[in-house]
Amino acid sequence: MCGIIGYIGSRQAQSILLNSLSRLEYRGYDSCGIAVCGSGIGVYKDAVRVEMLQKVSPPLDGSVGIGHTRWATHGEPSPMNAHPHCDCNSKIAVVHNGIISNYQRLRQQLTSEGHNLVSETDSEVIPHLIEKYYEGNLEKAVEAALDEVEGSYAVVVLMVGEPKLVAAKKDAPLIIGVGDGENFIASDVPAILDYTNRVIYLEDGDIGVITKDGVTILGNKTGVDRKEHTVLWSSQDVQKAGYEHFMLKEIHEQPRVIRDTLGEYMLSTDPGVERGPILDDSVEDLLILACGTSYHAGLIGKYVIEELLGIPVRVELASEFNHRDRTIASMMAIAITQSGETADVLIPMKKLRQAQTRTLVITNVPGSTATRIANQTVYTKAGPEVGVAATKTFVAQLVALYELALSYPGVNPRIREHLIAELRQLPAKVQQVLDNTHQIENCARYLSRYDNVFFIGRGINFPIALEGALKLKEISYIHAEGYAAGELKHGPFALLDRDTPVIAIVAHDNTYGVMLTNIKEVKARKSPVIAVADDVDEVIGELVDLVIRVPRVGSIFSPVVNTVALQLLAYHTARHRGCSIDFPRNLAKSVTVE
Ligand code: AGP
């Protein structure tokens with residue numbers, strides 16, 4: 001969480017820092033601030049969004065500076081707790097992302113030595129430690145300060161009289177953006193896309209020093225070479241392109257995302273286009289680890305892989321797996337994480353790597369930390385996702401899982417051929433859902449009046465009920481729960497009444513008959529029912545209050561069309577309720593703390 005930017009060059013730093021912060025807000029947005037170095041350090045920070053800071057911050061003169069957008073961990077969002085933090089003499093300014101676990105002891109020690117710390121944050125100890133250790137060399141002082149620190153950090157340091165920025169990282173992401181006569185340091189690529197697409201990914205333990213004309217990286221106290229990469233994302237990818245919200249734009253990008261993620265191998269009908277298997281036939285069991293929406297993708301992956309490959313798959317919440325002592329021997333582990341930076345996922349990945357378990361990551365972010373831990377990476381091609389609610393990256397994860405399963409050598413070739421043909425139709429089917437917005441908007445208007453909602457599904461669409469509920473609660477603040485349809489009668493029935501709508505995902509598969517029975521049971525308790533059903537189903541309209549129609553697709557692909565409909569339902573419901581759709585309260589897109 002938290003977004004960091006640093007700039008050094010010939011231009012005025014302030015507007016560059018603020019623009020970059022606006023591109024980083026998905027990492028946290030409860031307060032923000034900048035520090036610019038001219039003759040002294042000018043700091044402006046407040047518990048406001050970046051847009052407001054752009055309007056109200058006074059001009060700060062200088063062509064070197066740092067900025068931060070915060071997701072609070074230690075201390076409430078307030079001007080005092082916002083970053084940058086300074087030393088006693090306001091000569092050193094620091095932005096930090098991460099958690100310093102021994103900050104209380106450091107704070108006591110610094111206070112007893114005469115330092116005056118004014119915020120409630122863990123981060124504020126860093127500028128004071130640097131002040132303590134500074135003897136004319138900023139890099140050395142940063143290194144000495146961080147030697148005292150336990151926990152995780154990405155930091156950028158600015159000091160009066162030092163024409164450079166010094167950065168360091170441990171278990172939190174940091175990149176250097178390489179420009180012409182100017183350089184950048186940032187938490188993430190979108191922050192710098194308006195200025196450059198040349199990137200160096202810092203590794204844990206690196207100290208990066210950037211000046212106007214150069215980049216030096218010190219690792220383990222000596223210089224190291226880190227490769228420069230050219231990123232393919234562009235600054236247009238992180239703009240709304242005429243849509244009211246990023247979430248809506250990202251939902252509408254999904255036909256393109258499916259095509260790009262499938263790539264040449266799946267889309268080409270040319271038999272000469274071959275691709276080696278992602279999984280080879282030595283794999284006998286699989287462990288999938290993920291959080292939130294990515295976990296729901298993992299649950300669907302289990303259905304697909306077990307059905308097509310006959311391999312047992314266990315799906316675990318990565319945040320729970322972390323705290324188990326027992327190391328689970330598995331032939332292979334798949335981590336699913338769109339950001340590639342989720343701490344709850346990275347920690348078990350590292351443990352599994354140490355235990356020699358083969359790890360594969362499915363991620364959307366090239367160069368992310370997860371790609372550097374895993375033995376193997378499968379990239380989804382969703383492009384940057386800015387809205388905090390995961391939409392296009394979820395669908396891309398499903399496509400990657402289909403592809404992974406279909407590339408397994410043991411899959412019956414006739415079934416494979418048939419499913420690949422269906423996969424190729426999926427972008428057009430998703431487009432049909434997107435063209436059906438009017439019906440979904442009606443349902444959203446209806447739903448927006450309620451405070452509690454259940455989502456029910458069965459089989460491969462049970463995870464879609466979980467995902468539908470997560471999407472709705474996350475952006476509309478309506479209390480929503482996802483349930484396996486058969487489980488409602490084992491307790492939640494007690495909550496059903498005319499004020500508690502139920503959204504039923506009705507798939508045309510072996511769960512169809514029993515799902516209709518479950519809907520009748522719900523109706524008998526007077527709950528309004530909205531069904532998501534395919535456009536061939538002639539029965540469902542008689543049983544429920546409202547229907548959202550989706551095109552009929554093969555049962556393993558039904559989660560894709562159903563989820564797109566539920567994304568739109570959540571989006572329009574949140575819009576009716578006037579919620580902050582792209583930046584819901586208390587959340588952040590990249591969850592880099594445990
Ligand atoms: C979903 O809309 C959320 N933003 C959240 O649940 C997210 O999926 C989760 O934090 C995992 O993120 P990751 O895929 O980047 O690991």
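Read the numbers this way: they start at 1 and go in the same order the structure lists the ligands and their atoms. Everything quoted here is computed from the prediction, not taken from an experiment.
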Worksheet item: Got a sec, which pairs hit salt bridge (Lys or Arg N to Asp or Glu O under 4.0 Å) with one end in residues 435-463, sequence neighbours left out?
Response: none
Worksheet item: So, for Phe246 and Tyr26, is the gap between ring centers shorter than 6.0 Å?
Response: no
Discussion item. Distance under 4.0 Å, heavy atoms only, partner ligand 1: which residues pass?
Written reply: Cys291, Gly292, Thr293, Ser294, Thr337, Gln338, Ser339, Thr342, Val388, Ala389, Ala390, Leu470, Lys471, Glu474, Val591
Worksheet entry | side chain to side chain contact (heavy atoms under 4.5 Å, CB included) against Glu307, all qualifying residues, sequence neighbours excluded | none
Practice prompt. Verify the distance criterion only: is there a donor paired with an acceptor across the side chains of His74 and Tyr103 at less than 3.5 Å?
Written response: no
Fill in: Contacts of Asp534 that satisfy salt bridge (charged side-chain N to carboxylate O under 4.0 Å, His left out) - sequence neighbours left out
Arg552
Item to complete: Would you please indicate if the ring centroids of Tyr201 and His229 are separated by under 6.0 Å?
Response: yes
